[in-house]
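This one's a predicted model, so the numbers in the text were calculated from it and none came from an experiment. Reminder, nothing fancy here: chain letters follow the sequence lines and each chain counts from 1.
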There are 2 protein chains.
Amino acid sequence: MERVDVLNERLSKANLKLTKARKAIWETIASAAEPLSIPQIMNRAKKMCPSLGLVTVYRTLAVMEKAGLIKLFQTKDGSMGYVSSVLAAESHHVQCIICKKVVEFECTGMEDTIRAVEEKTGFCIERHNLELFGICPSCMKKSLQK
Amino acid sequence: MERVDVLNERLSKANLKLTKARKAIWETIASAAEPLSIPQIMNRAKKMCPSLGLVTVYRTLAVMEKAGLIKLFQTKDGSMGYVSSVLAAESHHVQCIICKKVVEFECTGMEDTIRAVEEKTGFCIERHNLELFGICPSCMKKSLQK
DNA sequence: CATCTAATTGAAAAAATTTTTCATTTGGAG
DNA sequence: CTCCAAATGAAAAATTTTTTCAATTAGATG
Ligand SMILES: [Mn+2]
Ligand SMILES: [Mn+2]
Ligand SMILES: [Zn+2]
Ligand SMILES: [Zn+2]
């Protein structure tokens, strides 16, 4: 299924129209690997839809957020940005505390931890972010050479 | 250790002063169970420090965020708010995706997951943040009643 | 395809939020 | 206590977000 079909499906369910502006904004967000700020979304989407106004960006983001198509997330630098809900799903990375390099990993074996938290807190856990911090192989090597 | 000592420790390390305004804002955030918006922080902190100006709230939040004392989270209404990150030194929390309530938990059983990442990535892991997202008991109850 | 209509749009204005500037005050070192 | 860099509040400026409104458009209907 094309990305635009995902958009159309959600919009038509809510009696909303599939417009040029919405297509452009959706393509922008759905094709990005990182959360995008509102000015970033405006700039990129405008290339696909030159008449696009900033007001429409605000309105479209509100519509898409309500429709569950996008989510507001924290970016690496601490500010906020929008990502497609699909991409927002989970984040697993390990960062070197010395050189700050970030490496993604596949997360396995969390079941017991999550079940323990569910029992203690009564929450029903749906997803998680796990950030690990440590020393990467190359920094480890350097520190051993000293 | 008192809450104000935690604040003082971080501030003095960075050659920053422990002022009335900072104490009031810190107490406000560190004693709250939910993320607080900027106007909420202003209103509550002003009770402890009546001369407090909004400008100082903005400046203090920037300082505290940089110092790692507080973090931005999503509030109930979808906007963003600040929560204390220091009292929860290990940063293990679960947040309700509906009402945005944050609950800390003791993190157990992560050894296997961490060992697997160490083997795959070559990193030597020292610490971690685990953020879980799900539905809290009271929101679960409400959704079942519908 | 042409017609119709409610939804959507962009521009301008208004409102709200955030940052900058600057004179005054204050924490804390000496 | 004295001193001074850091911090503060008020006002102004800048920026971001929302509202208003007339014009345009998607898409349903015939
Ligand atoms: Mn990641
Ligand atoms: Mn926490
Ligand atoms: Zn490294
Ligand atoms: Zn809840």
May I have the list of side-chain donor-acceptor pairs in residues 45-60 of chain B shorter than 3.5 Å, sequence neighbours left out?
unit_1 : atom_1 : unit_2 : atom_2 : d
K46(B) : NZ     : L52(B) : O      : 3.2
T60(B) : OG1    : T56(B) : O      : 2.7

Atom-to-atom span, CE of M42(A) to P of dT16(D) - whole angstrom: 13 Å
Nearest-Å distance for atom pair CG/C1', residues L11(B) and dG28(C): 13 Å
Please give me the minimum heavy-atom distance between F123(A) and Q95(B), naming the atom from each residue. CE2-C, 3.7 Å
Output the rounded distance in Å from NZ (K23(A)) to P (dT9(C)). 12 Å
Set of residues satisfying side chain to side chain contact (heavy atoms under 4.5 Å, CB included) with respect to S37(B), sequence neighbours excluded: P39(B), Q40(B)
For the pair made of CD in E65(B) and P in dT18(C), what is the distance, rounded to whole Å? 13 Å
Sugar-phosphate means primed atoms, P, OP1 and OP2; the rest is base. With that split, encode nucleotides 17-30 of chain D 5' to 3' as B, S or - using protein heavy atoms under 4.0 Å. SBBB----BBS---
Taking salt bridge (Lys or Arg N to Asp or Glu O under 4.0 Å) as the test, write out the residues that go with E131(B), two or more places apart. none
Is there any side chain to side chain donor-acceptor pair (under 3.5 Å) pair reaching into residues 17-32 of chain A, and which pairs are they, with sequence neighbours excluded? R3(A)-E27(A)
Within residues 43-53 of chain A, those residues having any heavy atom closer than 4.0 Å to DNA chain C are S51(A), L52(A), G53(A)
Mind calculating the distance between OH (Y82(B)) and P (dT17(C)) to the nearest angstrom? 14 Å
Starting from P on dT8(D), measure out to CD1 on I25(B) and report it in whole angstrom. 7 Å
Judged by atom type as modelled, is there a donor-acceptor pair below 3.5 Å linking the side chain of T113(B) to the main-chain atoms of T108(A)? yes
Suppose we screen for side chain to side chain contact (heavy atoms under 4.5 Å, CB included). Which residues come up paired with N15(A), at least two apart in sequence or across chains? none
Which residues pass the side chain to side chain contact (heavy atoms under 4.5 Å, CB included) test with E106(A), not counting sequence neighbours? K120(B)
